[in-house]
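Below: one structure, written as structure tokens.
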Amino acid sequence: ILFGEHIVVYGEPAIATAIDKRAYATATELEERKIVVISNGETIEADLTGKTESPVVKAAQVALQKTNANKGVQVEINSEIPVAAGLGSSASVSVATAAAVLKLFSPESEPSKFEILEIAHEAEKIAHGNPSGIDTAVSVFGGTIFYRKGDAEGLGSSEMQIVVGNTGVPRNTKAVVENVKSRVEDPRVSYNLFTISSIVKKARDALLKGSISDIGLLMDQNQEYLR
């Protein structure tokens with residue numbers, strides 16, 4: 001997310017862009033009616049329905065329901081995206097899982113991006129509680145998007161050189177969002193959050209014009225209000 005993190009949860013706009021890291025999911029039909037997830041050397045087994053704490057399991061469950069496939073499935077995840085680094089790892093893995101399971105059990109038709117988006121959004125609720133949907137949207141559509149809850153507009157901006165600094169310190173997005181929610185009624189906090197909204201709109205214009213220096217200054221402003 002380049003601009004508008006946190007305010008996007010409250011229906012305000014944000015801008016996100018896809019990066020050149022990938023998550024891969026391979027789905028294989030099982031004889032036994034269960035879901036098996038293999039990821040990072042760990043194996044999770046789950047029922048076809050029922051509560052789960054795994055976004056991947058949830059994505060597989062919902063995809064199976066959509067295809068009316070009363071069968072078991074194994075999902076193997078291989079991801080290049082750092083986990084808990086604010087780079088949308090859970091969203092991209094959920095999107096890849098949804099696409100793989102839909103493709104496996106509906107081989108005659110290409111799954112639509114909107115089907116994939118709907119399934120992955122359900123899975124993201126496990127990771128983030130009340131997700132805005134921006135992470136899943138940019139994972140599905142790619143490119144750079146201007147997003148407001150439920151609505152994504154492709155900006156068609158040119159490719160950018162982006163340097164991402166990964167501190168190696170993991171964070172829990174769900175906990176951070178809940179922390180902001182507990183403070184949002186404080187006038188100082190709400191003022192800062194919603195001032196970001198005007199920055200997002202200026203950033204959209206700067207991206208469309210390809211004005212890199214303006215984008216950089218606006219990113220600094222966005223960060224100050226977040227801080």
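Hydrogens, waters and symmetry mates play no part in the numbers below; they use all other heavy atoms, side chains included. Note that this is a predicted model, so its numbers are computed, not measured.
- The heavy-atom pair separating Ala96 from Ala23 by the smallest distance is CB-O, 3.7 Å.
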Exercise for review: Decide yes or no on side chain to side chain contact (heavy atoms under 4.5 Å, CB included) for Ile1 and Asp135, but give the supporting numbers first.
Suggested key: CA-CA 8 Å; Ile1 299 175; Asp135 287 359; 3.8 Å; yes
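- In terms of heavy atoms, Ala18 sits closest to Gly142 at CB-CA, 4.0 Å.
- Under a 3.5 Å cut-off, the side chain of Asn222 and the backbone N or O of Gly4 do form a donor-acceptor pair.
- Side chains of Thr52 and Ile44 form no contact here, defined as non-hydrogen atoms less than 4.5 Å apart.
- Here the OG1 atom belonging to Thr144 is positioned 10.0 Å from the CG atom belonging to Leu208, to the nearest 0.5 angstrom.
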Exercise for review: Report the C-alpha separation of Val57 and Thr97 in whole Å, then their side-chain angles, then the decisive distance to 0.1 Å, and conclude whether the side chain to side chain contact (heavy atoms under 4.5 Å, CB included) test is met.
Suggested key: CA-CA 9 Å; Val57 169; Thr97 299; over 6 Å; no
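- Between the side chain of Glu76 and the backbone N or O of Ile38, no donor-acceptor pair lies under 3.5 Å.
- For Phe114, the ring-ring contact (aromatic ring centres under 6.0 Å, His included) test picks out Phe141, with sequence neighbours left out.
- In terms of hydrophobic clustering, with Ile, Leu, Val, Met, Phe, Trp and Tyr side chains grouped at heavy-atom distances under 4.5 Å, Val36 and Val93 are assigned to different clusters.
- Note that CG of Asn78 and OH of Tyr24 are 9.5 Å apart. Values are rounded to the nearest 0.5 Å.
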**Study point:** Worked verdict on Phe105 versus Val73 for side chain to side chain contact (heavy atoms under 4.5 Å, CB included)
**Key:** CA-CA 10 Å; Phe105 292 110; Val73 67; 4.1 Å; yes
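- Judged by distance alone, with hydrogens and angles left aside, the side-chain atoms of Ser106 form no donor-acceptor pair with the main-chain N or O of Ser109 at under 3.5 Å.
- To the nearest 0.5 Å, atom CG of residue Leu87 and atom OG of residue Ser92 are 9.0 Å apart.
- A side-chain donor-acceptor contact under 3.5 Å links Asp186 to the backbone of Arg188.
- Counting only heavy atoms from C-beta outward, the side chains of Thr49 and Gln65 approach each other to under 4.5 Å.
- Side-chain N or O atoms of Tyr225 include none that pairs as donor or acceptor with a backbone N or O of Ile199 at under 3.5 Å.
- Remark: Glu45 pairs with Lys34 by the side chain to side chain donor-acceptor pair (under 3.5 Å) rule, at least two apart or across chains.
- At least one side-chain heavy atom of Leu2 sits less than 4.5 Å from a side-chain heavy atom of Met160.
- Residues Leu117 and Val101 do not share a hydrophobic cluster, defined by chaining ILVMFWY side chains whose heavy atoms lie under 4.5 Å apart.
- To the nearest 0.5 Å, atom CG of residue Leu64 and atom CD1 of residue Ile119 are 9.0 Å apart.
- Residues Gly72 and Leu48 share a closest heavy-atom pair of CA-CD2, 4.2 Å.
- Here the NZ atom belonging to Lys103 is positioned 9.5 Å from the CD atom belonging to Glu108, to the nearest 0.5 angstrom.
- Residues Val140 and Ile126 do not share a hydrophobic cluster, clusters being chains of Ile/Leu/Val/Met/Phe/Trp/Tyr side chains in contact below 4.5 Å.
- Counting heavy-atom neighbours within 6.0 Å of Gln161 CD, excluding the residue itself, gives a total of 12 or less.
- For the pair Ile215 and Leu218, the minimum side-chain heavy-atom distance is 4.5 Å or more.
- Applying the salt bridge (charged side-chain N to carboxylate O under 4.0 Å, His left out) test to pairs two or more places apart or on separate chains, those with a residue in residues 57-68 are Lys66-Glu118.
- Between the CZ atom of Phe3 and the CD atom of Gln223 there is a distance of 11.0 Å, given to the nearest 0.5 Å.
- Ala25 approaches Ala100 most closely through the heavy-atom pair O-CB, 3.5 Å.
- Both Ile35 and Ile77 are assigned to one and the same hydrophobic cluster, defined by single-linkage of ILVMFWY side chains at heavy-atom distances under 4.5 Å.
- In this structure, Ala85 and Asn166 approach most closely via the heavy-atom pair CB-OD1, 4.0 Å.
- Using a 3.5 Å distance cut-off with no hydrogens or angles, the side chains of Asp47 and Gln61 do not pair a donor with an acceptor.
- There is a side-chain donor-acceptor pair under 3.5 Å between Ser197 and Glu12.
- Shown here for Pro131 and His121, the closest heavy-atom pair between the two residues is O-CE1, 3.4 Å.
- In the hydrophobic cluster analysis, where Ile, Leu, Val, Met, Phe, Trp and Tyr join through side-chain heavy atoms closer than 4.5 angstrom, Ile162 is grouped together with Ile134.
- Of the possible polar contacts, one joining the Lys149 side chain to the Val9 backbone as a donor-acceptor pair under 3.5 Å is found.
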